[in-house]
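These notes are about the structure you will find just below.
Convention: sequence-line order gives letters A, B, ...; per-chain numbering from 1.
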Protein chains: 2
Amino acid sequence: MVLPRAARTQRRTRIQEEKEERILEAALEVFSLHGYRGATVDQIAEVAGMSKPNLLYYFRTKEAMHRALITRVLDTWLDPLRELDALGNPVAEIRSYIRRKLEMARDFPRESRLFANEILQGAPNIEDELKGPLKALVDEKAAVIRSWAKAGKIAKCDPYHLIFSIWSTTQHYADFDVQVRAVLGQDNAGDGRFEDAARFLEQLFITGLEVKDPAS
Amino acid sequence: MVLPRAARTQRRTRIQEEKEERILEAALEVFSLHGYRGATVDQIAEVAGMSKPNLLYYFRTKEAMHRALITRVLDTWLDPLRELDALGNPVAEIRSYIRRKLEMARDFPRESRLFANEILQGAPNIEDELKGPLKALVDEKAAVIRSWAKAGKIAKCDPYHLIFSIWSTTQHYADFDVQVRAVLGQDNAGDGRFEDAARFLEQLFITGLEVKDPAS
DNA sequence: CGATAATTTGACCGGTTGGTAAACATTACA
DNA sequence: TGTAATGTTTACCAACCGGTCAAATTATCG
């Protein structure tokens, strides 16, 4: 046989698991830095430490690789929002959602840039994922936030745009890292800017969402 | 003569002005959608309605085109921040800065995406611009904001991260337009999302920055 | 008009890129 | 161990891409 990817129906070998893992890791590195078109298969192969035909034995096309990577990453990327608990304390829930998103921007910047690249260029490959699972999750959590506002637990506001603004402010520190560093100056070594950002964003969102007159 | 770009030292002809304008317009269209590497000279030539060699007669390399485009756009892109007036009413100044940035995201999304693409991929060509003019301008305005906070006109906060969060929230509606539309649903026709965003962001930032105890 | 400079085009080139063919090597397993 | 399936490599290709060249066309101006 010469169809390794067809082995998807069968159980996968140890080698398949290992190699596919190494390839996707390398693909994340390269795609997130150069975008889909800017990345080359040779580059990914080199980072993965294998020859190009060998890589193409596991993923038959560049696009298949990209698709596999996106779908895998999208799932974990939405975890912070999934954890938003309708039964928790509203302000505390939003605060820790912001913290989690900011931690992801710090710890998984490549994943963030992968999506940014994709969406920036019109999301040609993942439009279905956006309109399906992503929209469903956001709709669900927006309803939760709206109910908190209705109950007077937080200020009345558009829950969708609240979520957008949390996404954008936190992911900014991953996607626009170069700009952030350039503007803040030379102290690029540590994670200080993330701590400063956390303080600022907490102040902004929590104060901005506080209920002025707690009489309910 | 065969050196049209060397004509820079001389006055430019009518034809040069027109064609360079058309080329940069086409380049903006293509670069903003596909990034530097993803854009092809043939594509740009086609959008500009001329042959590839003809285009290369005006800009000798793809990189020269990109550089010319970036430097031109960066200048107008920073105008909203330049207008932030140290002598104006602090809250009103910040409010109208947010409004101006959001209007730019609505009216010039290609320009926004051009920068986003560039910075996302490590800003290989404009690092100097970031560390030079851009940092200088941000430093200047951050000092203004800090003085407002010191004077008790707005809440104490990190001015750099305030600027970052205004940038990210507003540009989000240009750069991640596809995602915003996918999440908000089918009503993609109008600009309603920008009006909703304006309302939300105003509430968020102005409430978040208000001084709680106005005793100064 | 005539001539000189500016502009435009079709044909082409070398390097890169995604992908293939087929021989060779290794592993899994009866 | 033998052998069939799986994994790896070398050599290669066709399409694409940025850029050149020389010839043709058009604008400029005395």
query = Between H161(A) and F194(B), is a ring-ring contact (aromatic ring centres under 6.0 Å, His included) present by the stated rule, with each step listed?
reply = CA-CA 10 Å; H161(A) 293 278; F194(B) 286 99; 9.3 Å; no
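- For the ring pair (Phe, Tyr, Trp, His ring centres under 6.0 Å) test, no residue two or more places apart in sequence or in another chain qualifies with H34(A).
- Rounded to an integer number of Å, the gap from NE2 of H66(A) to P of dG19(C) is 13 Å.
- Going from atom CD of Q43(A) over to atom P of dG19(C) covers 15 Å, rounded to whole Å.
- Rounded to an integer number of Å, the gap from NZ of K19(A) to P of dT27(C) is 10 Å.
- Contacts between residues 24-33 of chain A and DNA chain D, defined by a heavy-atom separation under 4.0 Å, are absent.
- With sequence neighbours excluded, the residues forming a salt bridge (charged side-chain N to carboxylate O under 4.0 Å, His left out) with E29(A) are R110(A), listed by chain and number.
- Looking at residues two or more places apart in sequence or on another chain, you find a side chain to side chain contact (heavy atoms under 4.5 Å, CB included) between A48(B) and A26(B), M50(B).
- In this entry the distance linking CD of E18(B) with C1' of dT7(C) reads 13 Å, nearest Å.
- Residues satisfying the ring pair (Phe, Tyr, Trp, His ring centres under 6.0 Å) test with F176(A), not counting sequence neighbours, are H172(A).
- The side chain of N54(B) contributes an N or O atom lying less than 4.0 Å from OP1 or OP2 of dT9(C).
- One can place CD of E63(B) at 9 Å from P of dG19(D), the figure rounded to the nearest angstrom.
- Y36(B) pairs by the ring pair (Phe, Tyr, Trp, His ring centres under 6.0 Å) definition with F31(B), H66(B), not counting sequence neighbours.
- Scored by the salt bridge (charged side-chain N to carboxylate O under 4.0 Å, His left out) test, D107(A) finds no partners at all (sequence neighbours excluded).
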Contacts under 3.5 Å, N or O only, protein and nucleotides 12-17 of chain D:
unit_1	atom_1	unit_2	atom_2	d
dC17(D)	OP1	R37(A)	NH2	3.4

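- Closest approach to the P53(B) side chain among dA11(C), dT8(C), dT9(D) is made by dA11(C) (side chain taken as heavy atoms from C-beta onward).
- Neither OP1 nor OP2 of dT8(D) sits under 4.0 Å from any side-chain N or O of Y57(A).
- Between the CG atom of L56(A) and the P atom of dT10(D) there is a distance of 15 Å, given to the nearest Å.
- Here the CD1 atom belonging to I206(A) is positioned 10.0 Å from the CG atom belonging to L201(A), to the nearest 0.5 angstrom.
- Listed by chain and residue number, nothing satisfies the ring pair (Phe, Tyr, Trp, His ring centres under 6.0 Å) test with W148(B) (two or more places apart in sequence, or in another chain).
- For the pair M65(A) CE and dT17(C) P, the interatomic distance rounds to 14 Å; values are reported in whole Å.
- At the phosphate of dT9(C), OP1 or OP2 sits under 4.0 Å from a side-chain N or O atom of S51(B).
- Rounded to a whole Å, the CZ atom of F59(B) is 15 Å from the P atom of dT20(D).
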